[in-house]
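Okay, so here's the structure we're looking at.
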Amino acid sequence: MHFPRSCGLLLHPTSLPGGYGIGDLGAGARAFIEFLVASDQQYWQVLPLGPTGFGNSPYMCYSAMAGNPLLISLDELVAAGWLAATDLAGLTYENGDRVDYDAVIRQKLPLLKLASQRFQAQATAADWQALADFRQLAHYWLETYALFMALKDHHDGQPWYEWPAPLRDRNPAALAKMQVQLKDRIFEYEFQQFIFYQQWHALKDAANAQGIEIIGDIPIYVAHDSADVWAFPQFFELNPDTGAAALMAGVPPDYFSATGQLWGNPIYNWSALAADGYSWWIERFRTLLSYVDIIRVDHFRGFQSYWQVPEGEETAINGAWQEGPGAAFFEALQAALGRLPILAEDLGDITPDVIALRDQFQFPGMKILQFAFGGGADNPFLPFNQERNCVVYTGTHDNDTTVGWYESLGDWERQRFIDYLGYTPNEPHWALIRLALGTVANQAIIPVQDLLGLGTHARMNFPGTSEGNWSWRVTADQLTLELAAHFKHLVHLFGRQAPPRPEPAADSTANET
């Protein structure tokens, strides 16, 4: 599909200002929407929204379809009546430029439990009906997810493949017994998802009403320790005796790594998925499309061909390329869901058949300007080599910030960047933003860290490391009207302004609860 010439910002909700030690779906998110409007943006891009597990990575979630309860706004729970203001009085937190996940989890989850208990004690018939409606909407995944999480708690956080065999293998009698034993905990997890759904959709509605669309993110693989792999083992390459990943995902050795990258996620059993009509994937896309307007598909090349590594390997060296589902997969998605508003993350070792698959469905690819100055004039990331049907970024969540990138450049690459600009930049972030806005790419997405001119300390993720990632936050005093005005000027200069926005309704804040 093709998008109009436009612009947006990349900021994950955990990085929003305000909240109680972490960005959430409350006032800070509403203020960011106003910043988007003030700077004449059309898109807000986020990372995956699921409940995070080890390392707090949004790319390693306990469910491919559930929402992250840490994003729930406590203030909005107070406004809804499920918490009292006094319940928040004892919280200790810092709203600086880092998330302390341990502190947030320790303080927030008990409050979500208290809110679920208040709901059970005080909910009206209309409240219960709203919950019933949500359960029906999320029937494909909600019950399984809530039981999975309750069982994890019951087993002190152990991964499902280390549970006793009857529960590991989903013995019906064993599951029925635990559903009764853990019914209160199961309800807590269902309640969390119900509240996440309510708060997220109120926020999305507010964004859409202002002409802002949400770009979401769907990782190609799911975490081994997830409700999805536990509930649908037939769709994954698992050891039938232990539940371990018999074939693991990764990428082969390359210029950047002599041993490749071993991610450890179980590879899909694509033949089983195809025989089932790709139902799990269809429901995954359907669920995410109920939360976002456009989907960035991570590791798009894996649908054409993917690298698989046998169980027991400690690096990705001894892997092999396998043919992916290809066009048949996207044709099945289209038949079930209609038009696919997809952006293809087509970075890395991209072969002509991957490009052909992307172009067959007219999915825009990605161009990263930080990659543009390490080669010659044929570098596909250089502005003059980009095509219209693509999305240009200064950098992504996996890159250094532009200021950090510029400071770490080698002499040759730095000089090539300077030669391309025609001057030595005092503010390399604005130089790269101007280049992005000036390309022919239909969409330009700028990470907020680059808009603010922040250094490496504000980087979101260091690939290959498991600690210290995903914690950066913007502070409330950084997103100023002056910054919005300056960015808006550039957006208009390069023809990326939004069409006339609808007039806000007179009672636009009436439903902000």
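Predicted model only: the values in this text are computed from it and were never measured. Note that these values count all heavy atoms, side chains included, but never hydrogens, waters or copies made by symmetry.
- Around atom CD of E143, no more than 12 heavy atoms belonging to other residues, nucleotides or ligands sit under 6.0 Å away.
- Scanning both residues, F361 and A327, for their nearest heavy atoms gives CZ-O, 3.6 Å.
- Side-chain atoms of Y59 and H299 include no donor-acceptor pair closer than 3.5 Å.
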- Could you go through the side chain to side chain contact (heavy atoms under 4.5 Å, CB included) check for M366 and D346 one step at a time? CA-CA 6 Å; M366 291 175 57; D346 54 351; 3.8 Å; yes
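- No side-chain donor-acceptor contact under 3.5 Å links T475 and D97.
- Heavy atoms of other residues, nucleotides or ligands lying less than 6.0 angstrom from CZ of F462 number more than 12.
- The residues D100 and R98 are annotated as not salt-bridged, no charged nitrogen and carboxylate oxygen being separated by less than 4.0 angstrom.
- Between H224 and Y161, the two ring planes are parallel [angle under 30°; tilted spans 30° to 60°].
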- Item | Test log, rule side chain to side chain contact (heavy atoms under 4.5 Å, CB included), inputs L147 and W230 | CA-CA 11 Å; L147 175 59; W230 175 64; 4.0 Å; yes
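- With D293 contributing its side chain and E213 its backbone, the two residues share no donor-acceptor pair below 3.5 Å.
- Between W281 and F329, the two ring planes are perpendicular [angle over 60°; tilted spans 30° to 60°].
- The residue from W141, Y268, Y140 that alone fulfils the ring-ring contact (aromatic ring centres under 6.0 Å, His included) condition with F232 is Y140.
- The backbone N or O of I215 sits nowhere less than 3.5 Å from a side-chain atom of R296 that would complete a donor-acceptor pair.
- Side-chain N/O atoms of S290 and R286 include no donor and acceptor closer than 3.5 Å.
- Note: H201 and Y197 have tilted aromatic rings, judged against thresholds of 30 and 60 degrees for the angle between ring planes.
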- Query: Would W163 and Q158 satisfy side chain to side chain contact (heavy atoms under 4.5 Å, CB included), going step by step from the backbone distance to the final call?
  - Reply: CA-CA 7 Å; W163 297 347; Q158 281 185 320; 4.2 Å; yes
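- The two residues R284 and P219 come nearest to each other via the heavy atoms NH2-O, 2.6 Å.
- Under the 30°/60° scheme for interplanar angles, the aromatic rings of F300 and F303 are found to be tilted.
- When atom types are taken as modelled, the side chain of D450 and the backbone of T402 share a donor-acceptor pair closer than 3.5 angstrom.
- Heavy atoms of other residues, nucleotides or ligands lying less than 6.0 angstrom from CD of E94 number 12 at most.
- Taking both residues in full, the closest heavy atoms of C7 and Q41 are given as SG-OE1, 3.2 Å, listed atom of the first, atom of the second, then distance.
- Of all heavy-atom pairs between I445 and L9, the closest is CG2-C, 4.1 Å.
- The line from CG of N318 to OG1 of T259 is 11.0 Å long, rounded to the nearest 0.5 Å.
- Neither side chain, Y221 nor D298, offers a donor N or O lying under 3.5 Å from an acceptor on the other.
- Of the possible polar contacts, none joining the W44 side chain to the F32 backbone as a donor-acceptor pair under 3.5 Å is found.
- At least one cation-pi condition fails for R459 and W472: the charged atom is not both under 6.0 angstrom from the six-membered ring centre and inside a 45 degree cone around its axis.
- Listed for the E345 side chain is a donor-acceptor partner under 3.5 Å among the backbone atoms of L347.
- Of the possible donor and acceptor atoms, one in the side chain of N239 sits under 3.5 Å from a partner among the backbone N and O of D241.
- With Y393 as the fixed residue, the side chain to side chain donor-acceptor pair (under 3.5 Å) test singles out one of Q443, Q370, Q45: Q45.
- The minimum heavy-atom distance between V229 and L238, with the atom names listed, is CG1-CD1, 3.9 Å.
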- Message: One pair to check against side chain to side chain contact (heavy atoms under 4.5 Å, CB included): V222 and C61. What are the steps and the verdict?
- Response: CA-CA 7 Å; V222 298; C61 293; over 6 Å; no
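- S271 and N269 form a side-chain donor-acceptor contact under 3.5 Å, judged by distance and modelled atom types alone.
- Using a distance-only test at 3.5 Å, with no hydrogens or angles considered, a donor-acceptor pair links the side chain of D225 to the main chain of W160.
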